[in-house]
Trainee: 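Before I ask anything, let me first share the structure, which is written out below as structure tokens.
Read the numbers this way: they start at 1 and go in the same order the structure lists the ligands and their atoms. Note that these values count all heavy atoms, side chains included, but never hydrogens, waters or copies made by symmetry.
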Amino acid sequence: MTQPTAITVAYGDGIGPEIMAVVLDIMQAAGAQLAIETVSIGEQVYLAGIKNGMEPGVWESIRRTHVFLKGPVTTPQGGGYKSVNVTLRKALGMFANVRPSVSYHPFVHTRHPMMDVVIIRENEEDLYAGIEHRQTNQVYQCLKLITRPGSEKIIRYAFEYARSYGRHKVTCLVKDNIMKLTDGLFHQVFDEIAAEYPDIENEMWIVDIGAAKLAASPEQFDVLVMPNLYGDILSDVAAELSGSVGLAASANIGDHCTMFEAIHGSAPRIAGNNRANPSGLLLAAVMMLTHIGQPDVAARVHNAWLKTIEDGIHTADIFVAGISHRNVGTTEFAEAIKERLGDEPNTLARASYAALPTLSRWQPKEVHKANKQLMGVDVFLDWDEGSPSDLGDTLKSLEAGPLILQVITNRGVKVWPDGFDETFCTDHWRCRYLAPKAGLVDHRHIIALMDRIREMGLDSIKTENLYLFDGVPGFSAVHG
Ligand code: NAD
């Protein structure tokens, strides 16, 4: 008999306790060998004054077991409460969020009978770094951070996943026609890594048209990899397209810890009524069982679930008269699955499992360290005392040494020199000082410039240094 594997379990809020209870019951009936450590997270913990929603023992338990099966959590509105999910993913380095969305046609109603996609969402970077600032009366900023090692790791994971699961294509979605440096890096790394996997087809779509194609014909996609925000949005879209948000599971993969959960939330409106569909959490538990080396149990649970779906025994969210046979509650649905343990589906593809890949021995590629040369500075000002040409005249008079005022923009649009009267301006100005050639500027020139700006009584809210990396500008150009 397999030794029990220690796992951490949190029931969560809303429908969490009822779906977790039946999921644990089904796994046990299928022969899963689990030593369960139960921890408290969620609403009650938040309301007890713990801002991250986790009792102190949660970290200790997850770091001991390395595996976390988590119910959905209600994040209270306002009050500075931090999302349990975002905190766990980032603190424990769970860099990949794997979200499969599959159609169960003709047993679950969907407009996309052939859909079978896996979205691999980057989990730690992008706009989710949580670095936001209010800079002026009118303007707020959120920093989008894309790193080379972070991009390399998630993209390699997507190709490794495709290989492990016999999938034929990986598609990358980015917006690098606009964000040429950040999304441009993700695209460039995708091309580099794709070249190492000649057995797997690769393609790239700009995210807007890629999202439209995913919604219209998801069957043309296989594995998709994308930065955090696009992945967050599109994985919910994909789940809904496949039939119901209640069907989709996710695995958060790290080198040390892994967390499994349904993609849906705590659905407070149906909580406590025996109406919730436990399938998303059950399919997450199936992924967990393969991950902890119990793939036979995973397949037994998954096949029994597929047979239950085929037999038309459906919870209310997927029940459609004429397609479904019995509209059942959470516990009856779970009983039906238990009765079918050992059965296999007749029409739907039977489940068999490869373990989820991990990249525990992965090291970022050694990249040549570029020669970095300071060329200038973008100074951001909070200013509302006149026209762009007034500001241009003032800032021109502050030039000294190699730093020459080149351009002023407002929300990225050039307003000086030769701006348009029609351009709407806020109180947030980016003023670019550049040297005519490399090698002339050092940090002292920037400090001297900032001092002159201060003496003039201007409010500089931040600066960004402008560098060349091996002669290539590491900053976006200003057009117009
Ligand atoms: P939700 O996913 O809880 O509910 C959206 C809709 O889907 C509702 O109509 C709900 O009844 C239905 N639904 C969701 N899961 C279902 C299931 N298993 N069976 C049947 N129907 C189901 O999203 P929401 O209402 O936006 O959020 C509710 C709370 O959950 C919020 O506090 C939110 O912050 C939290 N949330 C938590 C997580 C998580 O812990 N991973 C994820 C998303 C939202």
Side-chain angles (χ1 to χ4, degrees), residues 8-23 26 39-47 51-54 58 68-90 94 97-99 101 104 108-109 121 123 128 228-229 231-252 258-285 287-288 305 308-309 313-320 324 327-334 337:
T8 303
V9 168
Y11 282 71
D13 300 316
I15 59 172
E18 41 195 312
I19 59 175
M20 184 62 82
V22 300
V23 164
I26 295 167
V39 295
S40 268
I41 59 169
E43 214 169 8
Q44 290 315 312
V45 184
Y46 282 119
L47 297 178
K51 292 287 186 191
N52 68 13
M54 292 182 280
V58 173
F68 188 21
L69 182 63
K70 180 186 149 293
V73 165
T74 303
T75 312
Q77 295 288 313
Y81 298 109
K82 285 167 70 183
S83 152
V84 167
N85 277 12
V86 176
T87 306
L88 280 167
R89 286 171 190 159
K90 294 205 298 199
M94 295 191 263
N97 194 328
V98 179
R99 295 183 159 198
S101 287
Y104 302 101
V108 174
H109 175 70
R121 162 190 170 193
N123 232 1
Y128 291 64
N228 207 338
L229 179 65
D232 191 1
I233 297 168
L234 289 182
S235 54
D236 271 34
V237 171
E240 200 61 31
L241 287 173
S242 75
S244 164
V245 74
L247 294 172
S250 89
N252 297 273
T258 307
M259 176 168 80
F260 300 87
E261 60 181 339
I263 75 157
H264 61 73
S266 55
R269 266 179 294 192
I270 59 166
N273 295 334
N274 194 36
R275 280 177 56 201
N277 186 347
S279 299
L281 187 61
L282 186 69
L283 296 177
M287 287 202 269
M288 180 193 76
W305 178 83
T308 310
I309 294 291
I313 301 172
H314 293 169
T315 45
D317 59 315
I318 55 169
F319 183 88
V320 176
S324 311
N327 186 346
V328 293
T330 314
T331 49
E332 296 74 26
F333 184 64
I337 296 170

Trainee: Could you tell me whether Arg89 and Glu261 make a salt bridge, using a distance below 4.0 angstrom between a side-chain N and a carboxylate O?
Mentor: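 Looking at Glu261 together with Arg89, the answer is yes, because their closest N to O distance falls below 4.0 Å.
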Trainee: Report the residues that fulfil side-chain hydrogen bond (donor to acceptor under 3.5 Å, both in side chains) with Ser40, sequence neighbours left out, ordered by chain and then residue number.
Mentor: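 Result, side-chain hydrogen bond (donor to acceptor under 3.5 Å, both in side chains) vs Ser40: none returned.
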Trainee: Given 3.5 Å as the limit, does a donor-acceptor pair link the side chain of Glu240 with the main chain of Val245, or not?
Mentor: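 Yes: the side chain of Glu240 pairs with the backbone of Val245.
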Trainee: Keeping Asn274 on the side-chain end and Thr330 on the backbone end, is there a donor-acceptor pair under 3.5 Å?
Mentor: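 Looks like yes, one N/O pair under 3.5 Å.
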Trainee: Nearest 0.5 angstrom please: Ser250 OG to Asn85 CG, how far?
Mentor: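 Spacing of OG (Ser250) from CG (Asn85) equals 8.0 Å.
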Trainee: For Asp236, is there an ion pair with Arg99 - N to carboxylate O distance below 4.0 angstrom?
Mentor: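 Asp236 and Arg99: salt-bridged.
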Trainee: Note every protein N or O atom lying under 3.5 Å from an N or O atom of ligand 1, pairing the names and giving the distance.
Mentor:
from	atom 1	to	atom 2	distance (Å)
ligand 1	2 (O)	Gly265	N	2.6
ligand 1	3 (O)	Gly265	N	3.4
ligand 1	3 (O)	Ser266	N	3.2
ligand 1	3 (O)	Ala267	N	2.8
ligand 1	15 (N)	His264	ND1	3.3
ligand 1	18 (N)	His264	NE2	3.2
ligand 1	18 (N)	Asn277	O	2.8
ligand 1	19 (N)	Asn277	N	2.9
ligand 1	30 (O)	Ser266	N	3.0
ligand 1	30 (O)	Ser266	OG	3.2
ligand 1	32 (O)	Thr75	N	3.4
ligand 1	40 (O)	Lys70	NZ	3.3
ligand 1	40 (O)	Val73	N	2.9
ligand 1	41 (N)	Asn85	ND2	3.1
ligand 1	41 (N)	Glu261	OE1	3.3

